[in-house]
Amino acid sequence: MTNPSAAVPAWCVIGRAPDSALGGVRGMGSMIAVVDLDDARQRIGNHHLGADELPTFVREREAQGRPRWVFSDTPNWYPALLAAGVQIERCYDLRLTHAILMRSELVADRNAVASAEEWDAGPVSAPTAPEAEALFEVTERRSHIKTVPHDIESALAEFARQSTALQTASDPGRLRLLLAAESAGGLVAAEMQAAGVPWDIAEHDRILAEELGPRPARDAKPAKMLAVAEQVRAALGDPRANLDSHVKLLHSLHAAGINVASTSKWELQESNHAAIAPLLEYKKQSRLLSANGWAWLDEWVSEGRYRPVYVPGGVVTGRWAASGGGALQIPRQLRPALRADPGWRLISADVAQLEPRALAAMSGDRAMAEAGRGRDLYSGLVDEGIVATRQEAKIAVLGAMYGSTTGDSGRLVPRLRTSFPAAMGLVDSAAEVGAAGGVVSTWLGRTSPVPGEGWRRVQSAANQFDATPADENRARRAAGDQGRFTRNFVVQGTAAEWALAWLADLRLRLSQLPAIDDGNPGTTSAVDGDGGTTSAGETMGHVADASGPVFSRRAHLVFFLHDEVIVHAPAQHAEAAAEAIREAAASAGTLLFGNAPVDFPLDLTISERAAKD
DNA sequence: CCTCCGAGCGCG
DNA sequence: AAAGCGCGCTCGGAGG
């Protein structure tokens with residue numbers, strides 16, 4: 001039942017309809033409500049539809065006016081749409097935006113938003129495929145996990161609270177930009193999970209076999225690992241040494257006269273005992289096997305696609321986290337296993353020195369911007385005579401952003417204070433604020449969490465008349481830790497904002513690229529009705545069908561890692577996709593920093609494999 | 001049997 | 001050499 005309205009809605013709020021909140025009939029009868037709002041966020045239409053009708057409804061709306069879809073939580077709504085072949089252009093994710101607004105210093109009146117505790121559910125990982133199908137069962141099945149409410153009235157009420165809060169913001173434009181970018185990130189994460197990373201299982205298996213030996217029978221250790229372990233035991237003169245337990249290994253090492261305090265890599269390297277080289281080799285093998293071995297391959301790669309779970313906004317700084325699949329830790333060793341489908345290419349691009357560039361831009365430090373302009377920023381420091389070598393430049397810059405005070409780094413950082421006073425002033429004062437228990441904000445207004453109860457207790461204990469030197473030490477250390485956290489927060493968080501703006505712009509540019517012609521009458525835009533019924537995968541078992549109906553015929557994002565993207569594109573569109581990546585980077589810089597003289601140069605390669613370096 | 005924690009190491 | 005920030009994952013070991 002619908003009451004069509006003459007006006008094209010600016011916002012469409014989706015939620016579970018009130019009737020079905022109690023009914024809970026499985027598989028059928030779940031009703032969804034869509035409420036249309038105009039620019040002023042006034043109600044101009046209501047619709048009720050079955051869950052199975054939603055994709056078609058959304059597709060038609062996208063073809064008409066491309067409203068911003070308001071979701072309680074993107075992972076709850078979007079995967080089913082993607083599975084049905086529907087991609088949307090823009091959304092507003094109430095859970096993600098709530099997390100920003102309830103903390104942002106820019107919002108004068110945060111009370112209403114912050115007190116709506118049910119929306120503070122913390123990072124939610126995307127539901128796995130079977131759960132996504134049963135649109136309403138997620139909450140029940142994972143009752144121990146806090147989730148946001150998905151019913152229409154809750155969504156409307158939260159949207160209204162957020163709108164009010166935004167009106168009290170000192171710089172609403174900035175915050176709106178952040179909320180839009182954050183929400184777009186939610187779409188990208190869902191889309192990348194749906195598309196998957198094209199993964200060459202045979203190549204992965206080859207790498208494993210080369211390092212570890214052929215795949216062993218269930219739970220057995222691979223042959224090459226066993227052989228290396230024997231070398232270690234022989235060199236130690238301890239045939240029963242257990243290499244898998246830190247404690248036992250440490251005993252064996254001591255017994256062999258190797259005096260180390262731990263079994264960590266850097267400490268072992270100090271010794272030149274004959275057991276060390278094979279032991280380090282064993283540790284490397286062991287790491288590969290347990291983190292990305294055959295078990296990982298079985299669990300996370302299927303039909304030639306690696307589908308990790310991304311968690312947008314999962315890090316307080318605004319970076320993404322991951323939950324399952326280890327998307328943020330794929331070892332470089334395995335990069336050759338990322339392989340484009342036949343006739344396709346992978347375009348990998350990463351930003352050189354993103355964080356220092358973000359710092360230069362947000363602090364308006366012209367000298368620092370100049371050092372990185374059109375060149376490697378670290379080499380720029382050498383050219384300017386600030387430090388002697390690129391390595392020193394890197395240590396100094398990282399030390400400045402992380403707050404290191406000792407060693408080479410502590411010695412080099414003061415030189416940056418002379419050369420880049422604005423940039424250093426920004427991070428130094430962020431550290432001061434944090435050490436005193438205050439909060440700091442990124443360029444677009446994401447604010448750091450206030451230090452916890454424990455932290456404040458430690459500080460006040462040090463201020464008591466009977467405080468011991470130990471109390472004072474502990475307080476000083478905690479203050480320093482918090483200062484280093486806030487120092488880094490402004491830089492890491494602003495860099496994350498740049499990256500979100502890059503992603504958000506890129507996904508729209510990619511959706512404008514044409515679909516490849518597979519013999520079916522194609523469409524020219526992903527968002528105007530590229531339905532599942534004409535997908536290549538269904539009609540001819542095309543090689544790309546593991547990417548699903550939305551992504552099997554068009555360039556799309558498959559991977560994102562803080563300052564790096566990988567796009568999977570038909571070979572004939574690889575150059576256009578590369579250009580889209582460059583243009584998106586340029587517009588992200590302008591969108592955030594206007595005409596600041598900072599550039600964000602990319603290292604970009606087009607290839608069949610994503611092997612790096 | 002379970003959960004929790006630190007060590008260690010992968011990524012930026 | 002690590003140092004100085006932010007993460008996730010696996011394992012062994014400890015405690016329930």
Side-chain angles (χ1 to χ4, degrees), chain A residues 123 125 144 242-251 260-271 279-280 282-293 295-296 299-300 308-335 350-356 358-359 391-392 394-413 416 427 430-431 434 440 442 446 448-449 477 480-496 498-499 559-565 612:
Chain A
S125 53
H144 59 291
N242 182 343
L243 309 189
D244 298 319
S245 158
H246 303 141
V247 177
K248 290 172 184 166
L249 175 59
L250 201 54
H251 273 111
V260 285
S262 78
T263 62
S264 59
K265 192 162 62 178
W266 50 87
E267 189 151 359
L268 293 173
Q269 281 164 350
E270 298 293 297
S271 167
L279 178 55
L280 291 173
Y282 180 85
K283 286 166 76 80
K284 198 175 170 204
Q285 291 174 316
S286 175
R287 168 79 195 181
L288 178 62
L289 176 66
S290 66
N292 299 100
W296 180 90
E299 184 173 358
W300 293 103
V309 179
Y310 294 97
V311 186
V315 180
V316 282
T317 57
R319 274 189 174 181
W320 288 15
S323 158
L328 277 50
Q329 306 152 256
I330 298 301
R332 302 191 94 72
Q333 199 179 10
L334 287 180
R335 285 297 180 100
D350 66 279
V351 193
Q353 304 104 31
L354 173 58
E355 291 191 353
L359 172 58
Q391 184 59 22
E392 279 192 346
K394 190 170 176 177
I395 289 171
V397 169
L398 292 177
M401 295 187 305
Y402 295 163
S404 68
T405 53
T406 61
D408 288 349
S409 179
R411 204 181 67 245
L412 292 165
V413 169
L416 300 188
V427 288
V440 297
T442 59
R446 194 187 306 261
S448 65
R477 234 187 43 201
D481 288 349
Q482 186 67 14
R484 283 189 300 280
F485 167 64
T486 51
R487 170 191 292 271
N488 187 245
F489 182 95
V490 294
V491 180
Q492 187 182 114
T494 300
W498 183 93
F559 191 71
F560 167 61
L561 182 54
H562 308 318
D563 62 358
E564 172 187 5
V565 295
K612 300 253 304 180

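Proteins get letters first, then strands, A, B, ... in listed order; numbering begins at 1 in each. What you are looking at is a predicted structure, and each value in this text was computed from that prediction instead of being measured.
Counting all heavy atoms, side chain and backbone alike, A:Lys248 lies closest to A:Asn242 at CD-ND2, 3.7 Å. The two residues A:Ala400 and A:Val413 come nearest to each other via the heavy atoms N-CG2, 3.7 Å.
Looking at A:Arg319, its side chain has no donor and acceptor atom pair within 3.5 Å of the base of C:dC7. A donor-acceptor contact under 3.5 angstrom links the side-chain atoms of A:Gln329 to the base of C:dG8.
Using a 4.0 Å heavy-atom distance criterion, A:Ser262 is classed as a sugar-phosphate-only contact. Contacts of A:Ser286 with the nucleic acid, taken as non-hydrogen atoms under 4.0 Å apart, are absent. In this structure, A:Gly410 reaches neither bases nor backbone, as no heavy-atom distance under 4.0 Å exists between it and the strands shown.
Taking the nucleotide of DNA chain C with the nearest heavy atom to each of A:Gln492 and A:Glu299, the more 5' of the two is matched to A:Gln492.
The main-chain N or O of A:Ser286 is found under 3.5 Å from a side-chain atom of A:Ser290 such that the two form a donor-acceptor pair. Side-chain atoms of A:Thr494 never come within 3.5 Å of backbone atoms of A:Val491 as a donor-acceptor pair (strictly under, hydrogens ignored).
Comparing C:dG6, B:dG12, B:dG8 by their nearest atom to the side chain of A:Asp563 picks out B:dG12. Taking the side chain of A:Lys265 as heavy atoms from C-beta on, and the options C:dG4, B:dC9, B:dG12, the nearest nucleotide is B:dC9. Closest approach to the A:Ile395 side chain among C:dA3, C:dC5, B:dG8 is made by C:dA3 (side chain taken as heavy atoms from C-beta onward).
With sequence neighbours excluded, the residues forming a side chain to side chain contact (heavy atoms under 4.5 Å, CB included) with A:Asp408 are A:Ile395, A:Arg411, listed by chain and number. Applying the side chain to side chain contact (heavy atoms under 4.5 Å, CB included) rule to A:Ala499 yields the partners A:Phe560; only residues at least two apart in sequence or on another chain are considered. The side chain to side chain contact (heavy atoms under 4.5 Å, CB included) test applied to A:Thr406 returns no partner, not counting sequence neighbours. By the ring-ring contact (aromatic ring centres under 6.0 Å, His included) test, A:Phe489 pairs with A:Phe485, sequence neighbours left out.
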With B for base contact, S for sugar-phosphate-only contact and - for none (protein heavy atoms under 4.0 Å), nucleotides 11-16 of chain C reads SSS---
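In the helix from B:dC1-C:dG16 to B:dG12-C:dC5, the end axes, each obtained as the rotation axis mapping the C1' atoms of four pairs onto the next four within a five-pair block, lie 0° apart to the nearest 10 degrees.
Under 4.0 angstrom from either OP1 or OP2 of B:dC9 there lies no side-chain N or O belonging to A:Arg287.
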